[in-house]
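The figures that follow rest on heavy atoms only: side chains count, while hydrogens, waters and symmetry mates do not. Note that ligands are numbered from 1 as they come in the structure, with each ligand's atoms numbered from 1 the same way.
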Amino acid sequence: MRMQAVRLNQIAKPLEQAQVAVPNIGASDVLIRVAACGICHSDEHYRAGISKVDRLPVTLGHEIAGRIEKVGTEIKHVAPGDRVCVHYLAHCETCEFCVRGLEQFCRSGQMIGKHRDGGYAEFIKVPGKNAFVLPGEISFEVGAIMMCSSATALHGLNKTRLKPGESIAIFGFGGLGFSALQLAQAFDCDQVFVVEINTAKIASIETLGAVAIDANKGNPVEQIMDATNGKGVDVSLELIGSAKTMRQAIQCLGRLGRAALVGLTAESMSIFPYTELINKEVEIIGVSDHLAAELSTLIEFAQNSKLHFPPDAFCFVDLDAEQINASLDAFRNSIDHVRTVIRVANDV
Ligand SMILES: [Zn+2]
Ligand SMILES: [Zn+2]
């Protein structure tokens, strides 16, 4: 059996339409008929060669939801016809990290849609353990995109050990920030401050029940300190990826504050250890990816509408190389957080 796929054949060249074989599955795999696949900024980095892929050609796409088509003989938790979303890291389960539930560091971990074929296709084969049941209340497009940015936002919050009643400052209101705000509220936190520079985004922050900190109007650290009577926040989440905002995320903390750094940058950063760290017993925490064990909480929040995406948060394209390439091109100058999703099949 053959299927349509959109593949990366050559670095720094447009993706190409291809007819490839529908993958055969092993005993521990499932075959999913893809319904929706998010187009992620990382995919643009793979295409451009900024982030290296191991082998070519490869089918991109790691934000995947669809219906189970076939299951291997060992798979019991899902059956053909079930709606599922996909955890994007295929891991070994036996290395020293996997046995501790830290599969993001798996010695032989493979990112779906980078190290192995992904969801820009009609069907995808994944290890059965990577398929999570997607409740009927959650659309395929939400199921697809929440497996990347929302999952990483949740992991960031988990790393900060945010507790009910604590305050948080989120730096950046893109895809991650949009989820982080809602997830922080789902954790029953106290005030949420969101630092942003884009005027249109600042307006939408207030409608979600958070306090917008307009970085155009002066130092965000001073604004947060003023708003908290000089106390600072308990937790901060840096999602932008700049040394400047990372410093601010540390400086806006109060005593025993925890700053989680999620955004990527090649810049270095300096801090004053005595006044900014030691005196206050502040912690700076690196955040990378997320864990399969966190996804059930995420799915539950989405099912209970604690994590929700308005219909205008999405635009759709077909499983068509030209349309997908145009969406990847748009990442270079896009500042809004409308997510493009490939609609592969209408509710299959
Ligand atoms: Zn992604
Ligand atoms: Zn492993």
message = Closer than 4.0 angstrom, basic N to acidic O: yes or no for E276 and R247?
response = yes
remark   = Restricting E63 to its N/O/S atoms, the closest one to the Zn ion (ligand 1) is OE2
query = Just checking, R83 and F140: is the charged tip under 6.0 Å from the six-membered ring centre and within 45° of the axis?
reply = yes
message = Less than 4.0 angstrom from a charged side-chain N to a carboxylate O is my criterion; do K306 and D188 meet it?
response = no
ask   = To the nearest 10°, how many degrees is the angle C106 SG to the Zn ion (ligand 2) to C95 SG?
value = 120°
key: Side-chain H-bond candidate by donor/acceptor type, T245 with E238, under 3.5 Å   = yes
query = At the Zn ion (ligand 2), what's the angle from C92 SG to C98 SG, rounded to 10 degrees?
reply = 110°
Short N/O/S contact of H41 with the Zn ion (ligand 1) (below 2.8 Å) = no
ask   = How is the N/O/S atom of H62 that comes nearest to the Zn ion (ligand 1) named?
value = NE2
message = When you measure from the Zn ion (ligand 2) to the N, O or S atoms of H91, does any of those distances fall below 2.8 Å?
response = no
query = Under 4.0 Å between a Lys/Arg side-chain N and an Asp/Glu carboxylate O for D29 and K70?
reply = no
